[in-house]
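Okay, so here's the structure we're looking at.
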Number of protein chains: 2
Amino acid sequence: MPKPRTHPRPTTQRAAKPLSGRASDPESSADTRARLIEAAGEEFAAHGFAEATVRGICERAGANIAAVNYYFRDKETLYLETLRHAHRYSLEHYPHDGGLKEDAPAEDKLRAFVRAFLAKMLDPNRPGWHGRLISREMTEPTPALTLLIEEGVRPQFAALCAIVRKLAPSLKADRIEAGAASVIGQALHYHHCNSLIKRLYSERVDGFPFDLDFLTDHITQFSLSAFEGLESKATSRRPGRTS
Amino acid sequence: MPKPRTHPRPTTQRAAKPLSGRASDPESSADTRARLIEAAGEEFAAHGFAEATVRGICERAGANIAAVNYYFRDKETLYLETLRHAHRYSLEHYPHDGGLKEDAPAEDKLRAFVRAFLAKMLDPNRPGWHGRLISREMTEPTPALTLLIEEGVRPQFAALCAIVRKLAPSLKADRIEAGAASVIGQALHYHHCNSLIKRLYSERVDGFPFDLDFLTDHITQFSLSAFEGLESKATSRRPGRTS
DNA sequence: CCGAAAGTCAAACATCCGTTTGAATCGGAC
DNA sequence: GTCCGATTCAAACGGATGTTTGACTTTCGG
């Protein structure tokens with residue numbers, strides 16, 4: 001019987017099956033689907049969508065080659081699902097406000113934002129691939145998926161713009177957005193050019209310049225000073241010389 | 001006769017041959033090798049190393065599929081050669097100092113640096129792929145080639161650090177390097193997250209926020225204000241509060 | 001002219017990839 | 001125990017890619 005086998009998609013909720021397919025293999029007791037997503041995340045984050053191979057993902061997950069097409073339809077659906085997972089995870093941990101109160105001073109809010117943003121990418125916990133995956137999607141977006149990302153990025157950007165507006169209320173709208181981009185750009189830089197920076201700073205001591213506290217402090221102070229100066233120049237009628 | 005044909009590598013200098021291989025084809029009079037590099041640059045910059053296909057490159061160059069393996073050994077050597085070409089081109093145009101005199105004020109030097117850096121990437125001239133290729137190499141470096149890039153990046157970074165040191169002489173070395181990274185990060189941001197930014201700012205008028213003059217002005221002022229503030233805080237004995 | 005080298009070309013080769021297939025295996029319900 | 005659906009498995013399929021091959025064409029020195 002041919003039976004098209006159009007991606008069975010294990011009914012609806014397959015969480016009810018805590019079972020394994022192999023009795024002898026102890027680690028196979030974990031959910032294959034979850035292991036696949038975890039493995040896919042690392043592979044996709046490390047090599048990108050095109051260069052990551054289904055075989056490599058399955059091998060890392062300890063699953064058969066056909067597992068990807070069984071649990072997900074394609075490699076692309078697996079990628080989408082992995083991205084969704086990363087997005088959800090990133091949203092749960094690392095909230096925009098960093099757990100600050102609404103009426104907190106803008107300076108503290110900026111510091112919390114920067115710290116959360118940095119922590120999101122600079123190897124936060126074990127997984128570590130969530131941030132890399134998302135930022136990779138920023139650099140070279142795959143069709144339509146970026147729309148999902150946008151839903152996470154746009155509110156974050158808006159929140160940052162609100163903070164900036166409080167720090168430098170005299171700035172015009174385009175300057176505020178540019179200022180927000182400057183903050184994000186600084187933070188993102190250490191992620192995008194990670195490998196290059198590591199080589200540039202190679203003569204540094206063991207602690208790379210990737211220390212979360214140091215970077216948070218620097219970027220926050222740098223940006224606060226910048227907004228301070230821009231605001232004072234904007235309020236004075238004629239933007240005088242530096243001195 | 002089998003004749004291994006180990007990549008003939010057209011003797012040593014093949015510039016002495018101004019000839020074509022096809023008399024009827026007019027555009028084939030141009031150097032096939034040069035056309036290949038040009039086509040490869042656009043393809044590599046647009047799709048990355050892995051996703052760019054030799055067939056696509058040859059088709060764009062109007063050459064046969066075997067041309068890549070004839071003039072270069074592999075796809076990888078072609079990539080390396082293309083990268084070298086981009087590096088050389090980028091070094092000729094867009095000099096570090098932006099054509100400024102040695103004794104120019106640090107503020108002007110910073111502005112010139114930022115402008116040259118931005119212009120290098122933000123679609124400067126017709127080719128346009130040089131900057132994209134190099135920055136792609138920064139994000140996901142291919143082995144060993146980055147060493148060549150470093151030879152172009154490290155002096156540029158050192159030059160920027162020298163400028164920053166003049167702007168804020170009281171800062172410690174690590175803070176100076178972090179400040180330089182902040183400047184570069186801001187500029188690079190508009191290149192890395194190009195597509196994402198375009199969507200974020202989509203409600204903006206026709207002129208995207210990618211205007212060279214606007215960006216140069218913003219990043220320069222932002223950074224100058226930042227260094228100013230950092231310096232004044234560093235000189236005062238106790239780094240007081242923001243106000 | 002001739003003959004070797006440089007260059008071009010269509011076709012094929014080898015390899016890898018994503019995906020499909022059909023059988024084997026497992027767990028649990030009856 | 002027996003059957004059924006869910007799951008795993010090895011093998012193969014079809015396509016795309018980088019590369020090679022061998023013949024053909026052009027060029028130019030002698």
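Note on naming: letters A, B, ... go to the chains in the order of the sequence lines (proteins, then strands), and numbering restarts at 1 for each one. Remember, it's a predicted structure, so these values are computed and weren't measured experimentally.
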In whole angstrom, give the distance that lies between atom [atom1] of [X] and atom [atom2] of [N].
X     : N      : atom1 : atom2 : answer
A:N64 : C:dC26 : CG    : C1'   : 15 Å
A:I65 : D:dC13 : CD1   : P     : 15 Å
B:D31 : C:dT8  : CG    : C1'   : 14 Å
A:E76 : C:dC17 : CD    : C1'   : 15 Å
A:R33 : D:dT8  : CZ    : C1'   : 17 Å
A:Y71 : C:dG18 : OH    : P     : 19 Å
A:L36 : D:dC9  : CG    : P     : 11 Å
A:D74 : C:dG18 : CG    : P     : 11 Å

Can you check whether B:A66's main-chain N or O pairs, donor with acceptor, with B:N64's side chain at less than 3.5 Å?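 Such a contact is found between B:N64 side chain and B:A66 backbone.
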Do any N or O atoms from the side chain of A:K75 and from the backbone of A:F49 form a donor-acceptor pair under 3.5 angstrom?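 Here the side-chain-to-backbone pair exists.
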Does the plane of the ring in A:H218 sit parallel, tilted or perpendicular to the ring in A:F222? Use 30° and 60° as the thresholds.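 Rings of A:H218 and A:F222: tilted, 30 to 60°.
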Do the rings of B:Y79 and B:F44 sit parallel, tilted or perpendicular, given the 30° and 60° boundaries?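 Perpendicular.
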Assess the side chains of B:W129 and B:E38: does a donor N or O sit below 3.5 Å from an acceptor N or O?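 Checked: B:W129/B:E38 side chains pair up, N/O donor to acceptor below 3.5 Å.
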What I want to find out is whether B:E81 reaches B:R84 closely enough, with some N-O distance under 4.0 Å, to be called a salt bridge.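 Yes, B:E81 and B:R84 are salt-bridged.
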side-chain N/O B:T32 vs C:dG7 OP1/OP2, d < 4.0 Å: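 False: B:T32 side-chain N/O out of range (4.0 Å or more) of C:dG7 OP1/OP2.
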Does B:N69 have a side-chain nitrogen or oxygen under 4.0 Å from the phosphate oxygens OP1 or OP2 of D:dG18?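 No.
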Does anything in residues 49-61 of chain A reach DNA chain C, meaning a heavy atom under 4.0 Å, and if so which residues?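 When residues 49-61 of chain A is checked for heavy atoms under 4.0 Å from DNA chain C, the hits, listed by number, are A:A52, A:T53, A:V54, A:R55.
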Nearest of C:dT8, D:dG18, C:dC9 to any side-chain atom of B:Y70?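 Within the option list, the nearest is C:dT8.
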At 4.0 Å (heavy atoms only), tell me whether A:A67 reaches a base, stays on the sugar-phosphate, or touches nothing.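 Touches nothing.
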Using side-chain hydrogen bond (donor to acceptor under 3.5 Å, both in side chains), reason through A:D213 and A:T216 one step at a time and then give a plain yes or no. CA-CA 5 Å; A:D213 289 321; A:T216 302; 5.5 Å; no
